Amino acid sequence: MNQNEKLLNGLKQAVLDNLENELFSVEHLAEIVGISRSHLHRRLKKITGQSISQFVREIRLAEAMKMLRQDVATTSEIAYKVGFNSPSYFHKCFLEYYGYPPSEAKNIVQNQEVNENAEDKSNNTFQNQLNAQRKLAAILFADIVGYTAMMQQDEQLALQKLNHFKEILESFAVVHLGKIIQYYGDGCLIIFNSSTQAVSFAKGVQHVFQKDPKVAVRIGIHSGDIVLKEGNVFGDAVNIASRIESLGVPGSVLLSSNVRNQIKNQTEFELHSLGRFEFKNVEGSMTVYALANDRLVVPENNVIRGKVKKTSTSTKSRKKLITLAGAFILFAVVAFFFYKKFGKESFASQANLEKSIAVLPFNSLSEDEENQHFADGLVEDLLNRLALIEDFKVISRTSSDTYRERGTKKVPEIAEELGVTYIVEGSVQKYENEVKITIQLIDAKSDDHLWFETYEKDLSDIFNIQSQIAMQVASGLSSALTDQQKTAIQKSQTENVKAFELYQLGRLHLEKRTLDGLKISITYFEQAITEDPKYVLAYTGLAETYFLLSSGIKKNKKNSEKVKALELARKALELDPRLAEAYTVLAAIYLFRDWNWAAAENAFKKAFEFNSNYPTLHQHYAEHLSMTGRHEEARKHINKAIELDPLSYVIRSVSTKLYFNRGQFEEALAEGQICEEINKENNNSTWHKFVISYILKDGPAMVEGLKQYRRFRGAYTTLHQIDSIYEASGFERLSNQVDSVYEASGLDGLLKWEIDQTDWHLGKADYYALFGDYDKALDWLEVALEDGSYMNNVPFWYSLRELHDHPRFIAIINKMNLPWTPESSE
């Protein structure tokens, strides 16, 4: 046994010896093993990748599972027996770790006993449901990768892994109504009544197997006819499931096209095609898919092995591309698209790359995991300082934050994806009143470290450290700063650390863009202002929150949220007349809420004077330019916003809208696809897909787009109603109805059906215009105007282009006070 194993065993035993002591602390643990707290933290992080608190908590949870299975006490009593100071916190931790609540652990034992007792009762057994007749079932194979080699190297460890493997499979099988047919060495065969149950099971167990004690498991699933006889399963489907599993790698879940077709409308499952394969002893070829949800592994083509005859040439060529997760696949494609289409204006242009930089999420080394938001706040503060340098291109935290869990991805690869030349990396360790920041600037082209620095000071000096770092980054990039820029970079918006932390918590919840998140952010911003009444960013954050809350209120109704947003933005500018963020909020209020186009223009110009690197500013200004007929300028600014924040759903959504309004459908669909990858819980991109498919007379795409759009929207909803619209059963009924309408009445019939379904006045106007029924379209536009709907985009909706000379349409535009003429649409 090596030194690391001895340390881990000693730590585990110390925790077990003090299991019921809820006051047992990290300090006590460090004292028992005879090393300092900080040294222990570093060693444990290096060995296991865990913090001390995480290590201790998982030992406690494992012991709790044993007690729950033995049914020795109530759930609340067990919570205290394993050292949790409250049953509710125990419940939260247990659910996060195992994927089901502690109460289910008891049910698992009870259900297993019931199932065992019921095996001989033919009217209740799973075997009777899947008897000697052929039945459709989902077949799942799972095995431990490299188990034989592990047995040769460390037999005890291998057996521990195998026992954990079986324990987790059995626990989850009962929850997901699966039947374990047999174990074979390090593998297992399980059958389910539905593909959804099987895939949910696989997703859950793989997440557990990727936590300590980690087990390298691969899973394959197929759906087909089987025969269950005398406890064994027979049929071609079993053979195919085994072949699919053989392609897997540790952490992967692979599915046949049968399974994919049965779960494709389940939005909680993300799928990635691996191409077509020909399996040994299986006729024909079939497409295999990988489950691509967070933390699950999608195999690359060059590492796929298994029981195959050959892989199609087209699949091989496709898989030579770099495999990127989620949004990065489409981001790379569209990055190339922008480069080809816009040349020097592209975010990949060499001129922009010369002084382009991204700050990756700082690694929090503090044992208190809640301090991660403090580290994130330092990143945002540093970005805000760097953005004040006029000739810098600074990537927004929204995009750089996607590399928090970057795995083995190297700095040059990240820089290429973000379109930058330089990368800043860092780590933060906060302890009581002290802070230690380690930071480095990297030239991504050569992967050379330009400089490396460690700052270790009192927490109260954190803002001086931040200004020093920003100055050193600028110096490292050989940027000559004006005196005004130096002053702006060195200026801190607050000297109150508590206010700073509260503000960062407010930003965290604001960025969620949910009603609950906005309400929580108000509390934090107000607390930050209480701590420091001159903290200008807190006022701006509060103004932005109230501005977003005002979006669900009709224009002709009393809008106290808008009034508050206006007052707070003006208060921020009283405290700091050079704050671009405050001017941007002010401009947005004038633009979207007041239709005061001249005031909006002036506010935007003031914002650009003080920070031309603020992506939200470019986004809103692009919308303003589009509404006032300056379309080429609008595209330049939305492209700049994308350059600064390439993975922002909101910015990409606006870009989709601008393409659509100009009739650039191919570009709009490509941009909308990126929106879907970035945020699968929003409907803007699906609406554009639905409408564009109708215009292009693409029936299947229109059906798919309408299903997706209706799933998230139902009738017209506002920010106050963005939670789920349909239960799963409701969506299934809706999906069938959409199919039926399309089969019976085609494209036009489906659009008429959507008109009847929606109570969105502007939507009705848009749909009637697509039909060419312009009188009804104008009727609904007038209703929307009278009702107080926000109609900013109406002048340039693609469907309304034939109305630009119509007197009724011009009258509507005049009532909006728009500086618009029919020629503006050219």
Side-chain angles (χ1 to χ4, degrees), residues 550-559 562-563 566 587-604 620-635 654 657-664 684 687-688 691-692 694-695 715-716 718 751-752 754-756 758-826:
S550 73
S551 65
I553 302 171
K554 298 291 186 182
K555 190 173 186 297
N556 56 7
K557 303 295 183 183
K558 183 178 179 181
N559 196 334
K562 185 202 80 170
V563 173
L566 200 58
I589 295 169
Y590 293 145
L591 175 63
F592 296 105
R593 305 292 174 259
D594 292 344
W595 295 344
N596 190 338
W597 315 98
E601 181 79 30
N602 290 333
F604 280 127
H620 285 326
Y621 192 53
E623 293 178 274
H624 174 73
L625 291 168
S626 174
M627 294 167 195
T628 52
R630 291 171 282 175
H631 305 294
E632 290 186 8
E633 287 183 76
R635 175 46 58 187
V654 171
K657 176 178 66 179
L658 296 186
Y659 277 132
F660 171 70
N661 288 347
R662 301 300 292 159
Q664 296 173 273
N684 285 348
W687 182 83
H688 284 108
V691 175
I692 291 172
Y694 175 80
I695 294 170
Y716 176 62
T718 66
L751 189 60
K752 289 176 182 177
E754 168 62 9
I755 291 175
D756 293 336
T758 189
D759 61 358
W760 179 27
H761 298 160
L762 291 175
K764 287 179 182 290
D766 180 71
Y767 300 147
Y768 278 119
L770 289 174
F771 275 130
D773 191 340
Y774 296 124
D775 286 336
K776 284 187 178 178
L778 287 164
D779 289 343
W780 281 106
L781 285 176
E782 289 169 350
V783 170
L785 183 67
E786 183 67 25
D787 189 49
S789 298
Y790 288 104
M791 302 175 61
N792 299 59
N793 296 304
V794 163
F796 298 106
W797 270 9
Y798 178 82
S799 59
L800 304 178
R801 67 197 184 285
E802 299 297 331
L803 294 174
H804 290 170
D805 290 319
H806 199 291
R808 288 173 66 190
F809 185 80
I810 294 173
I812 291 171
I813 298 302
N814 289 338
K815 289 181 180 180
M816 295 174 63
N817 302 317
L818 261 173
W820 182 91
T821 64
E823 291 73 27
S824 301
S825 61
E826 297 301 323

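Every value quoted in this text rests on a predicted model; they were computed, and no experiment measured them. This chain uses plain numbering: 1 for the first residue, then up along the sequence.
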* Student check: side-chain heavy atoms of Val691 and Trp797 closer than 4.5 Å -> no
* Structure fact -> Tightest non-hydrogen contact, residues Ala634 and Ser626, listed as CB-N, 3.8 Å
* About how many Å separate CG of Leu803 and CG of Asp775, when rounded to the nearest 0.5 Å? -> 9.0 Å
* If every non-hydrogen atom of Glu623 is compared with every non-hydrogen atom of Val654, which pair is closest and at what distance? -> CG-CG1, 3.5 Å
* To do: Could you grab the distance from atom NZ of Lys657 to atom CZ of Arg662, nearest 0.5 Å is fine?
  => 14.0 Å
* Asked: Under 4.5 Å between any side-chain heavy atoms of Leu591 and Met627, yes or no?
  -> yes
* Asked: For Asn596, what residues pass the side-chain contact (heavy atoms from CB on, under 4.5 Å) criterion, not counting sequence neighbours?
  -> Tyr590, Asp594, Ala598, Ala599
* Supply the atom-to-atom distance Leu566 CG to Ile589 CD1, rounded to the nearest 0.5 angstrom. => 5.0 Å
* **Distance in Å, Leu751 CG paired with Asp766 CG, rounded so as to fall on 0.5 Å steps** => 8.5 Å
* Aromatic rings Tyr798 and Phe660: how do their planes relate, parallel, tilted or perpendicular, breaks at 30° and 60°? -> tilted
* Lys562 to Phe592 six-membered ring, cation-pi geometry met (6.0 Å, 45°) -> no
* Asked: Would you call Val794 and Phe809 a side-chain contact if the rule is heavy atoms closer than 4.5 Å?
  -> yes
* Does some side-chain heavy atom of His806 sit less than 4.5 Å from a side-chain heavy atom of Tyr774? -> no
* **Inter-residue atom distance Tyr767.OH - Lys776.NZ, 0.5 Å rounding** => 16.0 Å
* side chain to side chain contact (heavy atoms under 4.5 Å, CB included) between Lys752 and Tyr768: does it pass, once the steps are laid out? -> CA-CA 9 Å; Lys752 289 176 182 177; Tyr768 278 119; over 6 Å; no
* Hey, could you give me the CG/CD distance between Leu625 and Glu601, rounded to the nearest 0.5 Å? => 7.0 Å
* Centroid-centroid distance, His624 to Phe604, less than 6.0 Å -> yes
Side-chain donor-acceptor pairs of residues 777-785 under 3.5 Å, sequence neighbours excluded:
{"unit_1": "Asp779", "atom_1": "OD1", "unit_2": "Arg808", "atom_2": "NH2", "d": "2.7"}
{"unit_1": "Glu782", "atom_1": "OE1", "unit_2": "Arg808", "atom_2": "NH2", "d": "3.0"}
{"unit_1": "Glu782", "atom_1": "OE2", "unit_2": "Arg808", "atom_2": "NE", "d": "3.0"}
{"unit_1": "Glu782", "atom_1": "OE2", "unit_2": "Arg808", "atom_2": "NH2", "d": "3.4"}

* Search all heavy atoms of Ala769 against all heavy atoms of Ser799 and return the closest pair with its distance. => CB-O, 3.4 Å
* Asked: What is the minimum heavy-atom distance between Asn817 and Trp597, and which atoms define it?
  -> O-CD1, 2.9 Å
* Structure fact -> Contacts of Asp773 meeting salt bridge (charged side-chain N to carboxylate O under 4.0 Å, His left out) (sequence neighbours excluded), chain-then-number -> none
* Determine whether Arg635 and Tyr659 make a side-chain contact, defined as any pair of heavy atoms from C-beta on separated by less than 4.5 Å. => yes
